[in-house]
Amino acid sequence: MSRYNVKETEAKWQKAWHEAGCFAASEASSKPKYYVLEMFPYPSGRIHMGHVRNYTIGDVIARYKRARGFNVLHPMGWDAFGLPAENAAMKRQVHPAQWTAENIAAMRGQLQDMGLSIDWAREIATCQPDYYRHEQKMFLDFLAANLVYRRESWVNWDPVDHTVLANEQVIDGCGWRSGAPVEKRQLAQWFFRITAFSDQLLESLDGLDRWPDKVRVMQSKWIGRSAGARIDFELAGRAAPLEVFTTRPDTLFGASFCALSPHHPLAAELAKDDPALAEFIAACDRLGTSEEAIETAEKQGYDTGLKALHPFAQGQALPVYVANFVLMDYGTGAIFGCPAHDQRDLDFARKYGLPVPPVVLPPGEDPDRFEIGDEAYSGDGTLFNSDFMDGMAVPQAIAAAIARLEAGGAGRGEVLYRLRDWGVSRQRYWGCPIPVIHCPGCGIVPVPEQDLPVVLPDDIALGQAGNPLAHHPTWKQVDCPKCGGAAERDTDTMDTFVDSSWYFARFCSPHAETAMDRAAVDYWLPVDQYIGGIEHAVLHLLYSRFFTRALKQCGYLGLEEPFAGLFTQGMVGHETYRGPDGGWLSPEEVRRAEGGGFETLDGQAVAVGRSEKMSKSKKNTVDPAHIIATYGADTARWFMLSDSPPDRDMEWTDAGVEGAFRFVQRVWRIVNDGLDGLPAVGTPAPERFDVAALALRRTSHKTVEAFTSHLEKFHFNSAVARLYELSNELGGFAAEHDDDRWAQREAFETLVRLAGPMMPHLAEELWQRLGHDTLLVDQPWPVADPALTRDDVLTVAVQVNGKLRATIALPREAEDDTARAAALAEPAVQRALAGKTPRKVIVVRNRIVNVVA
RNA sequence: GCGGGUGUGGCGGAAUUGGUAGACGCGCCAGACUCAAAAUCUGGUUUCCGCAAGGAAGUGGGGGUUCAAGUCCCUCCACCCGCACCA
């Protein structure tokens with residue numbers, strides 16, 4: 001038999017699927033819907049292995065669900081705005097729009113070469129005015145609904161990308177893209193009021209039971225709810241009280257000081273007349289905010305001389321410090337310190353010789369002897385030394401303290417969140433213009449709906465400092481829609497995460513005149529299975545959850561959670577290589593050396609590093625296009641699925657790809673070699689099967705059962721293993737009689753149909769060669785016959801004192817007595833007993849017999 | 001520091017949720033075919049003792065529960081990821 005012609009065959013079936021319109025999705029269907037979505041790519045120019053893994057996983061699910069009788073939506077689009085286009089424009093003198101369009105064209109071709117079951121008629125790109133005009137409308141609707149607002153604020157400024165970053169985009173104090181340390185600047189910014197949904201976003205996490213726990217935990221930490229109380233401490237000799245937030249109002253009688261953040265307005269005010277305090281604040285600022293600085297920084301404070309009056313204990317006055325460990329951007333920027341029950345407060349109190357009165361007694365401790373040493377006690381217990389709270393448990397005391405504060409007008413219960421509103425103004429060109437006009441007379445005026453979209457100007461000068469749109473000679477100049485006077489457009493564009501916060505909804509009705517056709521989104525949403533990288537755990541995945549709620553509030557759609565199921569895939573890594581000079585080498589620049597290991601092409605020693613995520617900087621990338629051109633899409637897809645579980649990081653290896661390629665060839669050969677004399681399609685089953693044929697039939701049906709259940713659980717590597725087993729058995733199967741040939745056809749078809757979602761081209765080709773005039777993609781998923789998946793005779797393990805001594809063949813559901821007798825009759829069992837009488841024999845039916853002596 | 005995860009042959013990884021540890025693949029070894037090689041096919045491959053039959057040990061370390069533990073409990077270690085002076 002000739003070898004399988006990968007190139008021709010893959011192209012042939014891609015064309016056939018396209019011409020038959022197999023993957024076109026429509027709401028007009030009686031089948032249940034299933035929306036499979038992979039995170040859409042940024043059009044950087046070429047697909048990378050991460051894409052291949054992502055889209056392979058998604059495609060397996062999409063094809064499988066289609067076969068299972070679902071009406072599947074599986075679309076693709078482009079997250080097309082963003083900074084790289086501007087950088088490329090400056091570097092190569094191409095317009096960002098052109099650069100993006102060319103990249104999209106190239107990557108679309110590469111994705112199509114993968115043979116994905118995508119409905120390409122739904123393709124969208126976020127940089128098209130037809131897309132972002134709807135985003136502008138949403139912005140205005142959000143504005144009207146008070147979900148968008150503008151304010152002056154300190155922002156995270158990326159000095160390399162020359163733009164503002166959201167809190168979520170600052171990693172370890174550095175910009176998420178540029179890696180440059182972020183600076184603080186004061187700017188007027190547009191904000192999305194994500195905090196309006198803090199509680200909802202947190203509570204609904206519980207219902208997302210098809211999301212990884214990891215992501216839910218990360219989001220819940222990011223939202224950071226803490227329930228407690230806001231307390232007003234009267235300050236002796238001052239009118240305004242000091243506002244403090246605490247989660248432990250129960251420990252108020254243990255308070256021994258108050259502390260302000262160095263950036264607290266009161267600290268700044270006091271510093272005006274107190275040079276020493278001013279110097280202390282300056283010293284705190286110099287310390288920096290890096291991890292090491294925080295970790296090693298000693299608790300330091302400066303006594304302002306102010307006295308805060310205890311809200312409960314008459315006449316008790318607490319010293320007020322400015323302290324370096326109090327953060328201005330959490331709570332009120334001020335705390336009361338309870339050293340006995342908070343470690344930081346304790347460290348501080350010990351340093352400055354402040355009292356440490358304990359007020360929570362751990363269970364079993366003697367109140368007269370209990371003392372705090374070097375460790376604060378933050379656990380549960382019973383209140384003491386606490387007046388009206390004495391004897392209460394902590395939760396009860398918290399409630400009592402809040403009630404007393406509220407009664408006395410000294411504070412109130414409050415819930416605080418770490419989550420901050422989402423600043424979306426970006427001082428960039430290649431993004432969605434913010435549809436707002438600034439009028440000297442009327443202030444902020446929304447662009448009237450009939451004037452949308454506000455389109456980006458084509459002629460733009462990039463590369464100067466500052467905001468490109470602001471530099472444009474005419475673009476920003478408009479008449480005020482309200483008063484008609486001269487006014488200016490907002491020259492910022494929106495964070496590109498806004499674009500990706502609703503694209504999944506646009507896919508439901510990509511050509512609708514409005515942002516989304518209500519019937520279409522009602523039908524398709526939520527996304528049943530979303531697949532992407534873990535890196536968006538709090539960014540994109542939180543923003544999209546917020547956006548969906550905001551869209552619901554504005555009447556766009558009717559649900560809150562956009563993604564019912566989420567799967568986070570692992571990264572694709574590759575070994576790293578370094579040459580004699582220590583520089584990184586790409587896999588093409590090294591070869592296997594004679595005595596093992598690697599060397600450069602001219603024979604120099606190469607240091608092999610461990611597998612790391614593929615990256616240009618480490619030069620350990622492998623180009624998927626090259627792999628697909630060499631081995632075909634089926635091989636690339638098969639390897640992606642076969643080695644590691646999809647949620648774990650995997651290593652791309654040449655040997656692995658070769659192995660996958662061999663299997664593709666092997667399946668082709670096995671089926672083709674068996675075609676001659678195979679019973680025709682639809683031949684009725686023989687009445688009897690001989691032993692060999694029956695065994696093969698059992699394997700086929702067991703494979704269907706096991707493969708399907710692995711697929712349902714995303715255990716693709718285990719599913720793959722079952723196909724290897726089936727093909728191994730088929731490879732050694734000698735068909736002699738008619739019943740053998742019939743069983744052989746059944747096995748061939750099982751192999752081909754199960755392989756369909758994973759290597760669709762080969763499967764389609766073999767389906768045809770098996771004599772079918774239908775398309776495999778239109779076939780229903782095979783069903784296992786229960787009578788053939790259960791063996792009549794089982795192998796049961798026999799242990800003596802927990803150690804395996806023999807295996808016995810028993811009929812299914814054999815009586816315990818039968819099993820016991822058979823086990824004891826085994827010579828190996830008798831030998832192990834060495835004459836001892838069994839004390840007890842445990843029989844687990846169909847599984848194991850354990851003889852205890 | 002807090003939270004989450006991982007730890008099984010030379011390697012990637014299986015193990016029906018407490019019931020034959022190492023499925024399947026890669027690699028390696030041997031054999032067949034071949035003038036030869038590639039490809040392909042067959043067999044072997046946890047470690048140790050043994051020619052073998054067989055035996056012993058074994059899922060990061062230690063302890064425990066159980067007739068039975070990779071799986072449950074306690075404890076320690078290593079690595080990875082996230083958050084981090086959050087009041």
Side-chain angles (χ1 to χ4, degrees), chain A residues 3 171-172 212-222 224-226 228-229 244-248 251 259 261 289 291 293-295 297-299 323-327 329-338 341-345 347-348 416-418 534-535 537-538 611 638-639 642-645 647-651 653-660 662-663 665-666 669 706 709-710 715 717-728 731-732 795-808 828 831-832 838-853:
Chain A
R3 268 162 84 95
I171 316 292
D172 292 339
D213 286 344
K214 185 188 170 83
V215 175
R216 292 196 285 176
V217 166
M218 281 168 73
Q219 288 210 0
S220 114
K221 297 244 166 190
W222 187 263
R225 180 184 200 272
S226 24
V244 154
F245 178 79
T246 180
T247 54
R248 294 295 300 275
T251 64
S261 163
T289 51
E291 281 178 45
I294 287 168
E295 196 125 350
E298 210 184 330
K299 307 276 174 285
N324 63 347
F325 67 91
V326 182
L327 305 175
D329 49 8
Y330 188 76
T332 61
I335 59 159
F336 81 77
C338 174
H341 306 292
D342 181 288
Q343 192 59 44
R344 284 167 324 207
D345 296 349
D347 295 344
F348 189 82
L416 208 64
Y417 297 90
R418 204 186 82 110
I534 187 75
E535 66 271 18
V538 278
S611 176
W638 186 255
F639 178 53
S642 62
D643 244 26
S644 300
D647 52 340
R648 238 185 266 184
D649 291 350
M650 66 171 284
E651 185 182 352
T653 61
D654 286 349
V657 181
E658 297 279 354
R662 274 203 298 275
F663 185 68
Q665 300 286 345
R666 186 168 138 82
R669 204 179 328 109
S709 99
H710 286 311
H715 294 171
N717 54 328
S718 298
V720 159
R722 300 311 294 248
L723 284 198
Y724 275 110
E725 286 178 287
L726 178 59
S727 72
N728 285 345
T795 306
V796 171
V798 182
Q799 297 180 334
V800 176
N801 291 331
K803 289 195 184 233
L804 182 73
R805 294 298 173 187
T807 57
I808 50 177
R831 218 181 306 130
R839 276 195 293 128
K840 201 159 132 194
V841 179
I842 288 148
V843 179
V844 181
R845 189 164 291 187
N846 300 337
R847 276 235 173 103
I848 201 163
V849 178
N850 191 6
V851 181
V852 187

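Here is how names work: the chains are called A, B, and so on, in the same order as the sequence lines, proteins then strands, and each is numbered from 1. Values below: all heavy atoms of this structure, side chains included; hydrogens, waters and symmetry mates excluded.
Following rounding to the nearest Å, A:M650 (CE) and B:C24 (P) show an atom-to-atom distance of 21 Å. If you take CG of A:N801 and P of B:G55, they are 14 Å apart, rounded to a whole angstrom. Regarding A:W222, its CH2 atom lies at a distance of 12 Å from the C1' atom of B:C86, rounded to whole Å. One can place OH of A:Y724 at 6 Å from C1' of B:G25, the figure rounded to the nearest angstrom. Put simply, CG on A:D213 is 10 Å from P on B:G4, counting in whole angstrom units. Following rounding to the nearest Å, A:D649 (CG) and B:G5 (P) show an atom-to-atom distance of 16 Å. In this structure, the OH atom of A:Y330 is 13 Å from the C1' atom of B:C83, given to the nearest Å. Taking atom CD1 on A:I842 and atom P on B:A69, their separation rounds to 12 Å, with Å as the unit.
When the side-chain nitrogen and oxygen atoms of A:S226 are compared with OP1 and OP2 of B:A87, one or more of them lie within a distance under 4.0 Å. Between A:K803 and the phosphate of B:G55, there is no side-chain N or O to OP1/OP2 separation shorter than 4.0 Å. Taking 4.0 angstrom as the limit, A:R662 places none of its side-chain polar atoms (N or O) nearer than this to OP1 or OP2 of B:G25. Taking only side-chain nitrogens and oxygens, A:N728 never comes nearer than 4.0 Å to OP1 or OP2 of B:C24. Of the side-chain N and O atoms in A:R805, one or more sit less than 4.0 angstrom from OP1 or OP2 of B:G55. Phosphate proximity of B:C41 to A:R666: present, with a side-chain N or O under 4.0 Å from OP1 or OP2. Considering only side-chain N and O atoms, A:R418 lies under 4.0 angstrom from the phosphate OP1 or OP2 of B:A84.
Residues A:L723 and A:W638 have side chains in contact (heavy-atom distance under 4.5 Å, counting atoms from C-beta outward). Looking at A:F336 and A:D345, their side chains never come closer than 4.5 Å, going by heavy atoms from C-beta outward. Contact check for A:V798 versus A:L804: no side-chain heavy atoms found under the 4.5 Å cut-off. Residues A:S727 and A:F663 meet the side-chain proximity criterion, which asks for heavy atoms closer than 4.5 Å.
Using modelled atom types and a 3.5 Å distance limit, the side chains of A:R666 and A:N728 yield a donor-acceptor pair.
Nucleic acid contact class of A:V852 (heavy atoms, under 4.0 Å, all strands): sugar-phosphate only. Residue contacts for A:T807: at a heavy-atom cut-off of 4.0 Å it reaches a base atom on one of the strands shown. Across all strands shown, A:S709 has no heavy atoms under 4.0 Å from either base or sugar-phosphate atoms. When heavy atoms are screened at a 4.0 angstrom cut-off, A:V326 is found touching base atoms of the nucleic acid. Counting any heavy atom pair closer than 4.0 Å across all strands shown, A:R225 reaches no nucleic acid atom. Within 4.0 Å (heavy atoms only), A:Q799 reaches at least one base atom of the nucleic acid. Looking at heavy-atom distances under 4.0 Å, A:N850 makes contact with a base.
When both pairing distances are held under 3.5 Å, B:C24 makes a Watson-Crick or G-U pair with B:G12. Nucleotide B:A52 has no partner under the Watson-Crick or G-U criteria, as no pair reaches both atom distances under 3.5 Å. Figure legend. B:G1 is base-paired to B:C83; pairs are counted as Watson-Crick or G-U wobble with both atom distances under 3.5 Å. Base pairing of B:U40: its partner is B:A32, meeting the Watson-Crick or G-U wobble criterion (both donor-acceptor distances under 3.5 Å).
By the 4.0 Å N-to-carboxylate-O rule, A:R344 lies too far from A:D347 to be salt-bridged with it.
Counting distance only, with no hydrogens placed and no angle test, the side-chain atoms of A:K221 and the base atoms of B:C2 include no donor-acceptor pair under 3.5 Å.
In B:G9 the base sits syn relative to the sugar, since the glycosidic angle is no further than 90° from 0.
Taking the nucleotide of RNA chain B with the nearest heavy atom to each of A:S642 and A:A655, the more 5' of the two is matched to A:S642.
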